[in-house]
There are 2 protein chains.
Amino acid sequence: MTPLKSTSVTIRQVADAAGVHFSTVSRALNPATRRLVKPQLAKKVQEAAHRLGYHANAAASSLRTGRSKVVGVIVPDLGSMLFPPILEGIDAEFQKSGYMTIIGHTANDDQQQRRILAGLSERQVDGLIIATATLDEPVTGSLLNGRVPVVLINRTDSTGRTPAVLHDDLKGIHLAFEHLVALGHTNIAHLAGPSVLSTGSLRLRGFRLAHQEMLAGAKLGPVVEAKSFSVEAGKVACLSLLKRNKRVTAIVAANDLLAIGCYEALSELGLKCPDEISVTGYNNTAFSGLVRPALTTVNLRLRDMGIEAARMLAGLMSGNAGNADVVLRPSLVVRGSTAPAPTR
Amino acid sequence: MTPLKSTSVTIRQVADAAGVHFSTVSRALNPATRRLVKPQLAKKVQEAAHRLGYHANAAASSLRTGRSKVVGVIVPDLGSMLFPPILEGIDAEFQKSGYMTIIGHTANDDQQQRRILAGLSERQVDGLIIATATLDEPVTGSLLNGRVPVVLINRTDSTGRTPAVLHDDLKGIHLAFEHLVALGHTNIAHLAGPSVLSTGSLRLRGFRLAHQEMLAGAKLGPVVEAKSFSVEAGKVACLSLLKRNKRVTAIVAANDLLAIGCYEALSELGLKCPDEISVTGYNNTAFSGLVRPALTTVNLRLRDMGIEAARMLAGLMSGNAGNADVVLRPSLVVRGSTAPAPTR
DNA sequence: CAAGTGGCTGCAAACGTTTGCAATGGCATT
DNA sequence: AATGCCATTGCAAACGTTTGCAGCCACTTG
């Protein structure tokens with residue numbers, strides 16, 4: 001009843017300006033239907049639209065078509081340095097197809113996550129990329145009453161039913177382990193991440209497999225699980241690890257922050273890295289090259305992960321089956337935190 | 001004509017279930033109009049809505065009201081570690097009022113920025129937070145045909161007409177400078193950031209003012225401008241600085257990355273930090289405490305900046321005037337990169 | 001007791017698109 | 001010359017809300 005805003009240009013005004021019916025304007029402006037209108041007329045319409053500064057009203061379009069050209073992305077923690085490159089990749093890829101992304105930040109809080117999902121549902125997102133999967137709380141195949149396709153990223157849940165974009169963590173740990181073995185280390189420990197996260201538990205498994213394969217004779221190296229992926233937790237875990245295992249000469253940390261925690265533990269114990277103990281990280285976080293010693297770590301293709309997830313979701317949104325995961329191959333970046341095993 | 005999706009629950013179905021007219025459902029579900037319907041009925045409606053799993057269709061609501069409950073945030077570079085905390089603050093604050101944020105990532109590309117603005121305009125965002133302001137390309141007071149209120153964050157443009165949330169950079173540099181003077185330094189240089197960014201030019205001005213005030217007698221310390229806020233640019237600039245100024249004992253860098261660049265330059269020249277030359281950074285980036293020596297730097301309240309910007313934008317969206325900026329107070333974090341001036 | 005009052009609910013018109021269908025006109029086919 | 005076909009355009013009905021207005025009823029008031 002009340003005209004809440006009279007400012008913005010509608011399709012009808014463009015129609016008047018071009019002297020055609022407004023439905024023709026709609027067809028002329030939409031690439032998918034443009035072939036239905038005579039090229040010459042289409043051009044006239046486009047010029048009129050441009051002259052008037054017309055912008056389609058996505059709300060109306062979305063209401064009519066049921067699709068919003070918006071996808072939701074849910075991350076646990078923006079501050080972790082892991083997600084910004086991923087988000088950037090997602091954004092870059094979706095820019096090509098005209099989608100925009102709403103990001104939701106859960107701060108690892110389930111309540112919050114539910115609120116965010118509700119908000120995204122209301123806003124009719126066409127798809128969802130979720131980076132908060134945990135092994136104990138599986139994500140149902142497609143949330144939001146099955147209306148919306150979902151892809152997981154970075155982590156997966158326990159069901160494995162939802163398509164995901166991941167890194168080959170087994171491979172990544174293998175690379176680090178292999179590097180240490182080549183340096184002559186035989187007493188290698190693992191500083192593991194939380195086992196409820198797929199990244200934490202997979203890397204532990206990778207460690208066991210690598211150990212079995214490359215140090216078949218020796219008994220499994222010591223493992224300690226950090227409470228969280230943080231410097232502090234890494235330091236605590238590393239201290240307890242070294243207290244009980246004096247012969248360790250190398251530590252494979254499940255994460256760069258944990259590796260930095262090792263640095264702190266080592267300096268507290270008066271041990272030199274890498275001369276007495278080698279340390280490897282995981283993620284190749286931005287600071288990896290800046291700390292001293294510069295950290296030898298496993299490089300993840302985070303931006304590519306975002307791109308792949310966006311592509312996969314685009315596929316799902318246009319009706320593809322989505323029965324395959326994408327698994328990216330990590331690589332090793334050798335820096336200064338690893339050295340030949342000390343001779344005793 | 002064709003029912004594109006029949007799955008989702010509408011207001012009418014809830015109305016049928018509750019035995020009332022659908023307009024009553026609308027009123028009962030909207031907190032702002034709930035007082036118009038008898039409490040008992042309202043409860044019945046809410047129960048029915050909950051039972052059917054009703055979620056409002058934001059597209060329809062947005063079409064009718066002209067407001068989308070979505071705000072846009074434009075950042076130049078997600079990877080810079082500066083913006084994630086800001087985004088988090090924005091998100092946290094808006095969560096309270098039911099807004100969600102679409103983030104646009106320009107990669108410092110004007111073309112891209114225009115595309116993003118168009119996309120946000122189409123999607124009827126109710127407000128805009130912009131972190132990409134530069135001094136040479138002023139942001140018009142309210143973009144998108146004046147329909148949408150805008151607040152700038154972190155950087156401002158040259159006009160100063162758009163409300164902004166900033167840090168007091170003059171104060172921040174003052175703190176660093178003061179600290180160095182207290183340590184006995186008298187030959188202090190500035191490694192400046194790009195002068196087209198308000199952060200770059202303001203910090204330079206801060207340096208000049210601080211120098212004038214605290215080292216009134218001495219002539220102004222040497223200044224060199226880095227091409228960009230990056231480690232590499234910092235190294236290059238620092239090398240050229242030290243080549244021409246042998247007597248410098250302390251460097252105030254405009255940014256942590258530039259400070260790290262100094263570290264590299266110093267180690268290349270065989271100079272010890274902090275024994276021979278002290279260095280201060282700016283931003284207190286996550287890695288500041290991890291590098292060696294740990295960096296003395298100016299701490300910014302990034303998350304608070306996001307919160308303040310969100311509050312300010314909320315104010316503008318509800319009709320406030322917006323004729324005041326918010327200026328946050330930085331603080332100094334003293335770590336290991338600064339020491340008493342060497343005696344000659 | 002009539003008239004007014006106010007609380008509650010129903011009615012229906014937008015908001016700006018998209019799109020099936022109908023109408024038109026030009027052209028080729030029989 | 002009548003018919004059919006195709007290309008192009010117009011027409012109008014949704015999509016699911018919000019909200020001014022009108023109607024209804026139960027009260028209070030003079």
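The sequence lines fix the lettering, A, B, ..., with proteins before strands; numbering per chain opens at 1.
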Participant: Would you say the side-chain atoms of A:D157 pair up with the backbone N or O of A:A133, donor to acceptor, closer than 3.5 Å?
Facilitator: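 Side chain of A:D157 to backbone of A:A133: no pair is present.
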Participant: For the residue pair B:R155 and B:I130, establish whether any side-chain heavy-atom pair is separated by less than 4.5 Å.
Facilitator: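 They are not in contact (no side-chain heavy atoms under 4.5 Å apart), so the answer is no.
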Participant: Nearest whole angstrom, please: distance from the C1' of C:dA14 to the CZ of A:R12.
Facilitator: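 So the two atoms are 10 Å apart, to the nearest Å.
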Participant: Under the 3.5 angstrom rule, does the side chain of A:D77 hit a backbone N or O of A:A107 as a donor-acceptor pair?
Facilitator: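 Side chain of A:D77 to backbone of A:A107: no pair is present.
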Participant: Specify the separation, in whole Å, of atom CZ of A:R67 and atom P of C:dT19.
Facilitator: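 Nearest whole value for this atom pair: 10 Å.
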Participant: What nucleotide among D:dT18, D:dG10, C:dG16 has an atom nearest to a side-chain atom of B:T65?
Facilitator: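 Ranking D:dT18, D:dG10, C:dG16 by closest atom to the B:T65 side chain puts D:dT18 first.
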Participant: Could you encode protein contacts along nucleotides 22-27 of chain C as a string, one character per nucleotide from 5' to 3', using B for base contact, S for sugar-phosphate-only contact and - for no contact, with a heavy-atom cut-off of under 4.0 Å?
Facilitator: ------
Participant: Under 3.5 Å, side-chain donor or acceptor atoms of residues 27-34 of chain B against the rest of the protein: list the pairs with distances, not counting sequence neighbours.
Facilitator:
unit_1: B:R27; atom_1: NH2; unit_2: B:S23; atom_2: OG; d: 3.3
unit_1: B:N30; atom_1: OD1; unit_2: B:A32; atom_2: N; d: 2.9
unit_1: B:T33; atom_1: OG1; unit_2: B:R27; atom_2: O; d: 3.1
unit_1: B:T33; atom_1: OG1; unit_2: B:N30; atom_2: O; d: 3.2
unit_1: B:R34; atom_1: NE; unit_2: B:A28; atom_2: O; d: 2.9
unit_1: B:R34; atom_1: NH2; unit_2: B:L29; atom_2: O; d: 3.3

Participant: Please say which of A:I90, A:L166, A:V165, A:L82 ends up in a side chain to side chain contact (heavy atoms under 4.5 Å, CB included) with A:M305.
Facilitator: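 Answer to the side chain to side chain contact (heavy atoms under 4.5 Å, CB included) test with A:M305 among A:I90, A:L166, A:V165, A:L82: A:V165.
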Participant: Rounding to a whole Å, what distance do you find between A:E122:CD and D:dT17:P?
Facilitator: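 Result: 10 Å.
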Participant: Classify A:S23 by what it touches in the nucleic acid, base, sugar-phosphate, or nothing, heavy-atom distance under 4.0 Å.
Facilitator: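 Contact class for A:S23: base.
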Participant: Using whole Å, report how far CZ of B:R64 lies from C1' of D:dT18.
Facilitator: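 After rounding, the reported distance stands at 4 Å.
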Participant: Heavy atoms within less than 4.0 Å of DNA chain C: which residues of residues 42-51 of chain A have one? Give them sorted by number.
Facilitator: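 Those residues: none at all.
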Participant: Can any side-chain N or O of A:S198 pair as donor or acceptor with the backbone N or O of A:T156 at less than 3.5 Å?
Facilitator: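 Yes; at least one donor-acceptor contact below 3.5 Å.
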Participant: Can you work out whether B:A60 or A:V20 has the more 5'-proximal nearest nucleotide on DNA chain D?
Facilitator: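 Going by which nucleotide is closer to the 5' end, it is A:V20.
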Participant: Is B:H21 near enough to C:dT9 that one of its side-chain N or O atoms lies under 4.0 angstrom from OP1 or OP2?
Facilitator: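 No, no such contact exists.
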Participant: B:I11 CD1 to C:dC11 C1': how many Å, rounded?
Facilitator: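 About 14 Å, once rounded to whole Å.
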Participant: For the backbone of B:S97 and the side chain of B:K69, can you confirm whether one donor and one acceptor N or O come within less than 3.5 Å of each other?
Facilitator: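 Between the backbone of B:S97 and the side chain of B:K69 there is a qualifying donor-acceptor contact (under 3.5 Å).
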Participant: Listed in order of residue number, which residues of residues 27-41 of chain A have a non-hydrogen atom at under 4.0 Å from DNA chain C?
Facilitator: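 Those residues are A:R27.
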Participant: Only one of A:L117, A:T162, A:L313 clears side chain to side chain contact (heavy atoms under 4.5 Å, CB included) with A:L128; which?
Facilitator: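 The side chain to side chain contact (heavy atoms under 4.5 Å, CB included) with A:L128 is passed solely by A:L117 among A:L117, A:T162, A:L313.
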Participant: Can you figure out which of D:dT17, D:dG10, C:dG16 approaches the side chain of B:S61 most closely?
Facilitator: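 Comparing D:dT17, D:dG10, C:dG16 against the side chain of B:S61, the answer is D:dT17.
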Participant: When the distance from NE2 of A:H55 to P of C:dT17 is rounded to whole Å, what number comes out?
Facilitator: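 Interatomic distance, NE2 of A:H55 to P of C:dT17: 12 Å.
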Participant: For residues 37-45 of chain A, which side-chain donor-acceptor pairs fall under 3.5 Å, sequence neighbours excluded?
Facilitator:
none

Participant: In whole angstrom, what separates B:Q124's CD from C:dT17's C1'?
Facilitator: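 Atom-to-atom, B:Q124 to C:dT17, this comes out as 12 Å.
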Participant: Below 4.5 Å, heavy atoms only, C-beta onward: do B:I74 and B:T106 meet side chain to side chain?
Facilitator: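 Contact flag for B:I74/B:T106 side chains = yes.
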Participant: Taking A:R123 for the side chain and A:G119 for the main chain, is one N or O donor matched with an acceptor at less than 3.5 Å?
Facilitator: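 Side chain of A:R123 to backbone of A:G119: a pair is present.
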Participant: Nearest to the side chain of B:F22 - D:dG10, D:dT17, C:dG10?
Facilitator: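 Nearest to the side chain of B:F22 among the choices is D:dT17.
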Participant: Looking at C:dT17, D:dT9, D:dT19, which one has an atom nearest to any side-chain atom of B:S26?
Facilitator: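 Looking only at side-chain atoms, B:S26 lies closest to D:dT19.
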Participant: Quick one: list whatever passes ring-ring contact (aromatic ring centres under 6.0 Å, His included) with A:Y99, sequence neighbours left out.
Facilitator: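 In terms of ring-ring contact (aromatic ring centres under 6.0 Å, His included), with neighbours along the sequence ignored, A:Y99 is linked to A:F94.
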Participant: In whole angstrom, what separates A:Y54's OH from C:dG16's P?
Facilitator: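 Computing the A:Y54:OH to C:dG16:P distance gives 10 Å.
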Participant: Quick one: on DNA chain C, does B:L63 or B:T24 contact a more 5' nucleotide (nearest heavy atom)?
Facilitator: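 First, find each residue's nearest nucleotide; the 5'-ward one identifies B:T24.
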